[in-house]
Amino acid sequence: MKLNKTLSVAALAAAILATSCGGSGSKTETSTPAPAATAPAQQELSPEERHKDNPDFAAGLALVKQNDCPSCHMVDRKIVGPSYNDVSDKYELTAANVEKLASHVITGNVGVWGEIPMPAHPSLSKEDAELMVTYVLLLKK
Ligand code: HEC
């Protein structure tokens, strides 16, 4: 008898718990607007996905990998030089900026990001340097 009573109390408690959980669960569901859930997903597309139709992005990335840039630059972390993300935050993608930054890569530069100089890359063509800078500036979010 005593055991049966305890069991039924436990069953009742479980039933109440189940009901209250079910109630709050369906409430969360209806209050989540569908458009808000899809908007952030689009912003989270990787730069590769966002620029998959832009040949300059792929060409610039390939050139960066073929050159010594990765020994001093990473996309999302400062190592010797600033991260590409920081560079793309600082400069808009304009013809004037691409030309200026490409000339900094070719002739070397110091003082924009700190005391460490970027060495000159005299063997790079202006075209290739501009493609690499274009790739970097396309990383802007
Ligand atoms: C030996 C290290 C080193 C290498 C190799 C290197 N960089 Fe840099 N880079 C730096 C440093 C340090 C700076 C910051 C210079 C400054 O403060 O003016 C910099 C700055 C830059 C900037 C920003 C320039 C500005 O004026 O804001 C770009 C763009 C850049 N590098 C691209 C490249 C590319 C492309 C390559 C490969 C061809 C490359 N870097 C190779 C060290 C390096």
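Whatever order the structure lists ligands and atoms in, that order sets their numbers, starting from 1. Residue numbers start at 1 and run along the sequence shown. Values reported hereafter were calculated over all heavy atoms of this structure, with side chains retained and with hydrogens, waters and symmetry mates removed.
- The minimum heavy-atom distance between Leu139 and Phe57, with the atom names listed, is CD2-CE1, 4.0 Å.
- Not a single heavy atom of Tyr84 sits closer than 4.0 Å to an atom of ligand 1.
- Taking both residues in full, the closest heavy atoms of Glu49 and Leu45 are given as OE1-CD2, 3.4 Å, listed atom of the first, atom of the second, then distance.
- For atom 18 (O) of ligand 1, the nearest protein heavy atom (residue, atom name, distance) is Val112 N, 3.0 Å.
- Listed by chain and residue number, nothing satisfies the side-chain hydrogen bond (donor to acceptor under 3.5 Å, both in side chains) test with His51 (two or more places apart in sequence, or in another chain).
- Nearest heavy atom pair, residue Val64 against residue Cys69, reads O-SG, 3.7 Å.
- Annotation for ligand 1: atoms under 4.0 Å from non-hydrogen atoms of Val80 are 12 (C).
- At a 3.5 angstrom cut-off on N or O pairs, Trp113 counts as close to ligand 1.
- Excluding waters, the set of protein N/O/S atoms under 2.8 Å from atom 8 (Fe) of ligand 1 reads His73 NE2, Met118 SD.
- In terms of the salt bridge (Lys or Arg N to Asp or Glu O under 4.0 Å) criterion, residue partners of Glu92 (sequence neighbours excluded) are, by chain and number, Lys140.
- Every atom of ligand 1 is numbered from 1 in the order shown, and the set under 4.0 Å from a heavy atom of Tyr91 is 25 (C), 26 (O), 27 (O).
- Contact detail for Ser71 and Val80: the closest heavy-atom pair is O-CG2, 4.4 Å.
- Between Lys90 and ligand 1, a contact under 3.5 Å exists for no N or O pair.
- With a 6.0 Å radius and a threshold of 12 heavy atoms from other residues, nucleotides or ligands, Lys52 has its NZ atom at or below the threshold.
- Counting only heavy atoms of the protein, atom 29 (C) of ligand 1 lies nearest to Val87 CG1, 4.0 Å.
- Contact annotation: for Pro117 versus ligand 1, heavy atoms closer than 4.0 Å belong to the backbone alone.
- Those atoms of ligand 1 that come under 4.0 Å of a heavy atom in Gly114, given as number and element, are 17 (O).
- Taking His73 as the reference, Tyr84 meet the ring-ring contact (aromatic ring centres under 6.0 Å, His included) condition, with sequence neighbours excluded.
- By the 6.0 Å and 45° rule, Lys90 stacks over the aromatic ring of Trp113.
- Proximity of Val136 to ligand 1 is not established, as no heavy-atom distance is less than 4.0 Å.
- Contact detail for Met74 and Ile79: the closest heavy-atom pair is CG-CD1, 3.7 Å.
- Counting heavy atoms from C-beta on, the side chains of Asp89 and Lys141 never come closer than 4.5 Å.
- Contacts between Leu101 and ligand 1 below 4.0 angstrom, taking non-hydrogen atoms only, involve the side chain exclusively.
- Taking atom 12 (C) of ligand 1 as the reference point, the nearest protein heavy-atom neighbour is Ile116 O, 3.2 Å.
- Interface atoms of ligand 1 facing Pro119, defined by a heavy-atom separation under 4.0 Å, are 1 (C), 2 (C), 3 (C).
- Counting protein heavy atoms only, atom 41 (C) of ligand 1 is closest to His121 CE1, 3.5 Å.
- Annotation for ligand 1: atoms under 4.0 Å from non-hydrogen atoms of Val110 are 16 (C), 18 (O).
- Atoms of ligand 1 lying under 4.0 Å from at least one heavy atom of Gly111, given by number and element, are 16 (C), 17 (O), 18 (O).
- The cluster map of Ile, Leu, Val, Met, Phe, Trp and Tyr, joined by side-chain heavy atoms under 4.5 Å apart, puts Val112 and Leu93 in the same cluster.
- Shown here for Gly60 and Met132, the closest heavy-atom pair between the two residues is O-CG, 3.8 Å.
- The side-chain contact (heavy atoms from CB on, under 4.5 Å) test with His121 singles out one residue from Asn67, Ile106, Val105, and that residue is Val105.
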